[in-house]
Protein chains: 2
Amino acid sequence: MNYTIKQVSEKTNLKPHVLRYYEREGLLPFVDRSESGIRRYSEEDLEWLSLICCLKNTGMAIKQIREFVELSLQGKETLKERCSMLEDHKKEVEVQIVGMQKYLCKVDHKIKYFTDQYEKYLAGSSENGAVSHGSD
Amino acid sequence: MNYTIKQVSEKTNLKPHVLRYYEREGLLPFVDRSESGIRRYSEEDLEWLSLICCLKNTGMAIKQIREFVELSLQGKETLKERCSMLEDHKKEVEVQIVGMQKYLCKVDHKIKYFTDQYEKYLAGSSENGAVSHGSD
DNA sequence: TCTTGACTTAAAGTTAACGTTAAGGTTTAC
DNA sequence: GTAAACCTTAACGTTAACTTTAAGTCAAGA
């Protein structure tokens, strides 16, 4: 089964020009072409794309994804290296997630504080004259 | 208690020129100056910065942070709006986190797959001639 | 046959978020 | 009192990741 760039675009939510851009950048260097030069994506290409999106959406830079792809092209001798790349990336993502959760708590605190302030404001804004630009 | 730009830089891990950039972009528009024009950050400024970093590090664009700051400057009438901005952002961050966790699973799967492949490869790479560029 | 629309390329443009440089004023240490 | 280490502004440069444009090829339908 083969897919046109448009079909892949719809499946992946990546616009055609982005798919071409990724290919140009070496993220997907094995896409087949028809006689007239039209891209024909295979199921395997789609699976690759899925991994690429996964890495990209967890913050891996395109440059680094390209390195990963280049290693893959070199065959099984690079399996260990690829593995450790993914493990490093995994750790980074875990750190990101923990950080995010921490920040989320802070945002939550702020929301509660603002909600309180808003209620006080509704109750009657006259009895408090303290001026602040809202950082507290 | 007041701080120089360098002290704030050390406290926040934001370089001086970034602090000036943020100020220029309207993220911190109330920093006091000495007679000779040198920035004197107050505790309140630091708290603001901490919120700004929080929003920035969870992916809010500087433009949007500026909107938030502008609302804050308008006083308590904007409390509700600010609150809903934060709530919207909170939801986005939650979505991000869930997405990340999903992708993390996929990365984990890949790692396991590669580890398996690597073991097979070590055991003896001769009995399998299937060629793949490694997407599976 | 003509034209419409999807595909192709190369190359230039855009945006966000800094980073760097130049040219100069101020404060602190010896 | 002078040199180093700060500070200031303005303006230009960089990087990543697209995005758009221009110019062309190709196949199908009226």
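Labels below follow one simple rule: chain letters A, B, ... track the order of the sequence lines, proteins then strands, and each chain is numbered from 1. These values consider heavy atoms only, across backbone and side chains, with no hydrogens, waters or symmetry-generated copies.
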Legend entry - C/dT9 OP1/OP2 closer than 4.0 Å to side-chain N/O of A/Arg39: yes

Legend entry - Under 4.0 angstrom between A/Arg33 side-chain N/O and C/dT9 OP1 or OP2: yes

Legend entry - Reported OH-to-CG distance for the pair A/Tyr103 and B/Asn57, which is rounded to 0.5 angstrom: 3.5 Å

Legend entry - B/Ser36 side-chain N/O to C/dT27 phosphate OP1/OP2 under 4.0 Å: yes

Legend entry - A/Tyr22 side chain near D/dC18 phosphate (N/O to OP1/OP2, under 4.0 Å): yes

Inset, instruction - State whether B/Lys56 places a side-chain N or O below 4.0 Å from either non-bridging phosphate oxygen (OP1 or OP2) of C/dC18. - result: yes

Inset, instruction - In whole angstrom, give the distance that lies between atom CZ of B/Arg40 and atom C1' of D/dT8. - result: 14 Å

Legend entry - Of B/Lys6 and A/Val18, the one whose closest DNA chain D nucleotide lies more 5': B/Lys6

Inset, instruction - For A/Lys63 and D/dC18, give me the distance from atom NZ to atom C1', rounded to whole Å. - result: 16 Å

Inset, instruction - On DNA chain C, check which nucleotide each of A/Gln7 and B/Ile62 is closest to and give me the residue with the more 5' one. - result: A/Gln7

Legend entry - Nearest-angstrom distance from the residue atom CZ of B/Arg66 to P of C/dA16: 9 Å

Inset, instruction - Grab the CD1-P distance between A/Ile65 and D/dA17 for me, whole Å please. - result: 8 Å

Inset, instruction - Measure from the side chain of B/Tyr21, starting at C-beta and using heavy atoms only, and say which of D/dA17, C/dC18, D/dC7 lies closest. - result: C/dC18

Legend entry - Phosphate OP1/OP2 of C/dC7 contacted by A/Thr4 side-chain N/O (<4.0 Å): yes

Legend entry - Ion pair check, A/Arg33 and A/Glu23, cut-off under 4.0 Å: yes

Legend entry - Atom-to-atom span, CZ of B/Arg24 to P of C/dC18 - whole angstrom: 12 Å

Legend entry - Separation of atom CD1 in A/Ile52 from atom P in D/dC18, rounded to whole Å: 12 Å

Inset, instruction - Name the orientation class of the two ring planes belonging to B/Phe114 and A/Phe68 (parallel below 30°, tilted from 30 to 60°, perpendicular beyond 60°). - result: tilted

Inset, instruction - Taking B/Thr115 for its side chain and B/Ile111 for its backbone only, find out whether a donor-acceptor pair lies under 3.5 Å. - result: yes

Legend entry - B/Arg82 side, atom CZ; A/Tyr118 side, atom OH - distance, nearest 0.5 Å: 11.5 Å

Legend entry - Among C/dC7, D/dT20, D/dT9, the nucleotide that comes nearest once only the side chain of A/His17 is considered: D/dT20

Inset, instruction - Report the distance from atom CZ of B/Arg20 to atom C1' of D/dA10, rounded to the nearest whole Å. - result: 12 Å

Legend entry - Interatomic distance, A/Leu19 CG vs C/dT9 C1' [rounded to whole Å]: 16 Å

Legend entry - Toward the 5' end of DNA chain C, by each residue's nearest nucleotide, B/Lys15 or B/Glu35: B/Lys15

